[in-house]
Protein chains: 2
Amino acid sequence: MDRIEDCYGFLLGKAYQKVWQMEKAALAQYGITPVQFVLLHVLWEKDGQKGVELGGRLRLDGATITGVLDRLEKMGLIERRPDLNDRRTNLIFLTPKGKELEKPMNQVTDVVNKEVISMFSEEEANLLKSMLTKLGLGQKGDR
Amino acid sequence: MDRIEDCYGFLLGKAYQKVWQMEKAALAQYGITPVQFVLLHVLWEKDGQKGVELGGRLRLDGATITGVLDRLEKMGLIERRPDLNDRRTNLIFLTPKGKELEKPMNQVTDVVNKEVISMFSEEEANLLKSMLTKLGLGQKGDR
DNA sequence: CACACATTATTTGTATACAAATAATGTGTG
DNA sequence: CACACATTATTTGTATACAAATAATGTGTG
């Protein structure tokens with residue numbers, strides 16, 4: 001490999017960095033980072049999950065989840081409640097404030113997604129999605 | 001966007017994470033991280049560059065470059081020398097130890113690249129590269 | 001049932017990454 | 001030439017991300 005611009009790891013990192021910055025800018029008005037957004041997103045789908053479930057879905061280390069939850073809790077968007085069935089576990093619940101953000105934050109991130117998609121043909125965008133899914137989430141298909 | 005798995009930012013992040021881990025594992029025997037590797041790679045192409053040139057090429061903030069250089073310097077792989085033409089600047093030079101790593105490290109990262117490519121057809125892999133370049137480095141073509 | 005082993009969350013340490021501020025030095029316009 | 005503005009590297013602070021260690025609790029096999 002003569003040029004770093006031929007290294008897939010490098011290219012993926014830079015593409016991620018760019019899209020992450022677009023999302024960060026879009027979410028800045030709510031004081032939320034992209035990672036905090038995706039964690040909230042999983043809770044909007046299903047409230048009251050365990051930390052380890054969130055980490056599994058988001059492919060994040062437990063230590064990382066702890067930190068993200070700390071910040072979301074400090075902002076008053078989520079709440080840790082003890083799991084009555086397993087005292088090792090907390091269940092993570094959205095606060096009303098956390099629930100309110102679903103619609104507006106999905107709107108601004110949808111705009112970013114459309115911006116990304118608009119750089120390619122529909123066919124290319126779909127292929128990109130399936131290739132990234134295969135690379136990052138292990139399988140070609142959906143989960 | 002109903003599922004985070006449809007969010008390009010998320011997919012890019014996870015694909016990057018996976019490939020980064022593969023590279024990290026391959027480079028671990030040399031005690032080098034993927035980011036340190038790409039910085040060294042730019043120096044192998046041309047020794048004696050300024051920090052700001054490295055940051056421009058790698059799309060990294062000056063503060064990030066400072067940190068990466070600190071660690072590479074501590075490991076004895078690079079050296080900061082004053083620029084006689086501009087006293088604001090250091091020029092970054094490879095040490096003999098830093099030069100030695102070029103061949104072996106390129107070999108192990110080439111293996112990772114081939115692993116990534118092998119997941120797709122040649123046509124798909126080329127399209128992926130051009131799409132990531134367009135997304136992350138601004139233009140479709142090469143620089 | 002006891003106890004080795006597993007699971008869950010957290011803490012600590014290291015490495016990116018960027019924003020904002022700072023200090024030193026260059027450059028360009030009147 | 002002076003001085004506002006730009007450039008370069010660094011420092012400080014915040015936010016991921018993971019590895020390794022720890023503490024508390026569960027689970028399964030003899």
Side-chain angles (χ1 to χ4, degrees), chain A residues 9-10 12-25 27-28 30-40 49-56 58-75 78 80-92 136, chain B residues 9-10 12-25 27-28 30-40 49-56 58-75 78 80-92 136:
Chain A
F10 178 73
L12 281 164
K14 295 301 121 180
Y16 167 60
Q17 225 175 73
K18 188 64 72 65
V19 176
W20 199 84
Q21 286 296 323
M22 289 163 64
E23 285 188 345
K24 194 178 153 194
L27 291 167
Y30 303 106
I32 297 289
T33 66
V35 172
Q36 293 164 7
F37 164 73
V38 292
L39 195 148
L40 289 173
Q49 296 187 62
K50 300 194 289 182
V52 77
E53 290 178 305
L54 299 172
L58 299 177
R59 270 73 169 173
L60 289 177
D61 197 67
T64 304
I65 293 286
T66 296
V68 177
L69 290 177
D70 283 347
R71 287 180 283 276
L72 287 172
E73 195 167 36
K74 197 178 290 176
M75 287 188 279
I78 61 126
R80 282 183 247 234
R81 297 190 208 150
D83 182 347
L84 304 176
N85 299 113
D86 187 342
R87 286 190 298 171
R88 294 169 303 180
T89 308
N90 296 316
L91 297 180
I92 316 299
Chain B
F10 178 74
L12 280 165
K14 296 302 120 179
Y16 168 59
Q17 224 174 72
K18 188 65 72 62
V19 176
W20 199 84
Q21 287 297 324
M22 290 164 63
E23 286 188 344
K24 194 177 154 196
L27 291 167
Y30 303 106
I32 296 289
T33 66
V35 172
Q36 292 163 8
F37 163 74
V38 293
L39 195 147
L40 289 173
Q49 296 187 62
K50 301 193 290 182
V52 76
E53 289 178 304
L54 299 172
L58 299 176
R59 269 74 171 175
L60 290 176
D61 197 66
T64 304
I65 293 287
T66 296
V68 178
L69 290 177
D70 284 348
R71 288 180 283 274
L72 287 171
E73 195 167 36
K74 197 177 290 176
M75 289 187 277
I78 59 125
R80 283 184 246 233
R81 297 191 207 149
D83 182 348
L84 304 176
N85 298 115
D86 186 342
R87 287 190 297 172
R88 292 169 305 181
T89 308
N90 296 316
L91 298 180
I92 316 299

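Taking CZ of Phe10(B) as the reference point, atom CH2 of Trp20(A) lies at 14.5 Å (rounded to 0.5 Å). From Leu54(A), atom CG reaches atom CD of Gln49(A) across 5.0 Å, with rounding to the nearest 0.5 Å. The structure places CG of Leu91(A) at 11.5 Å from CD1 of Ile78(A), a figure rounded to the nearest 0.5 Å. Note: Lys14(B) NZ to Leu12(A) CG = 13.0 Å, rounded to the nearest 0.5 Å.
Put simply, the side chain of Leu69(A) reaches to within 4.5 Å of the side chain of Leu39(A), judged on heavy atoms. Put simply, the side chain of Lys18(B) does not reach to within 4.5 Å of the side chain of Arg59(A), judged on heavy atoms. Between Ile92(B) and Glu53(B), the closest side-chain pair of non-hydrogen atoms is not below 4.5 Å.
In this structure, Lys74(A) atom NZ and dT16(D) atom P are separated by 12 Å, rounded to whole Å. Nucleotide dA17(D) holds its P atom 17 Å from the CD atom of Glu23(B), rounded to whole Å. Look at CG on Leu84(B): it is 15 Å from C1' on dT25(C), rounded to the nearest Å. The nearest whole Å value for the distance from the CG atom in Leu58(B) to the P atom in dT16(C) is 12 Å. Rounding to whole angstrom units, CG of residue Leu39(B) and C1' of dA17(C) are separated by 14 Å. In this structure, Asn85(A) atom CG and dA24(D) atom C1' are separated by 17 Å, rounded to whole Å. In this structure, Phe10(B) places its CZ atom 14 Å from C1' of dT16(D), rounding to the nearest Å.
When the side-chain nitrogen and oxygen atoms of Tyr16(A) are compared with OP1 and OP2 of dA17(D), one or more of them lie within a distance under 4.0 Å. For dC18(C), one of the phosphate oxygens OP1 or OP2 lies less than 4.0 angstrom from a side-chain nitrogen or oxygen of Gln17(A).
DNA chain D is contacted by both Lys24(B) and Val68(A); Val68(A) maps to the nucleotide lying nearer its 5′ end (nearest heavy atom per residue).
The only option from Lys24(A), Gln21(A), Met22(A) that meets the side chain to side chain contact (heavy atoms under 4.5 Å, CB included) definition with Pro34(A) turns out to be Lys24(A).
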How does each nucleotide of nucleotides 7-15 of chain C score, in 5' to 3' order, for protein heavy atoms under 4.0 Å: base (B), sugar-phosphate only (S), or none (-)? BSSBB---S

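Screening residues 61-71 of chain A for salt bridge (charged side-chain N to carboxylate O under 4.0 Å, His left out), with sequence neighbours left out, gives Asp70(A)-Arg80(A).
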Each base of DNA chain D marked ( ) or [ ] if paired in-strand (Watson-Crick or G-U under 3.5 Å), | if paired to another strand and . if unpaired gives ||||||||||||||||||||||||||||||

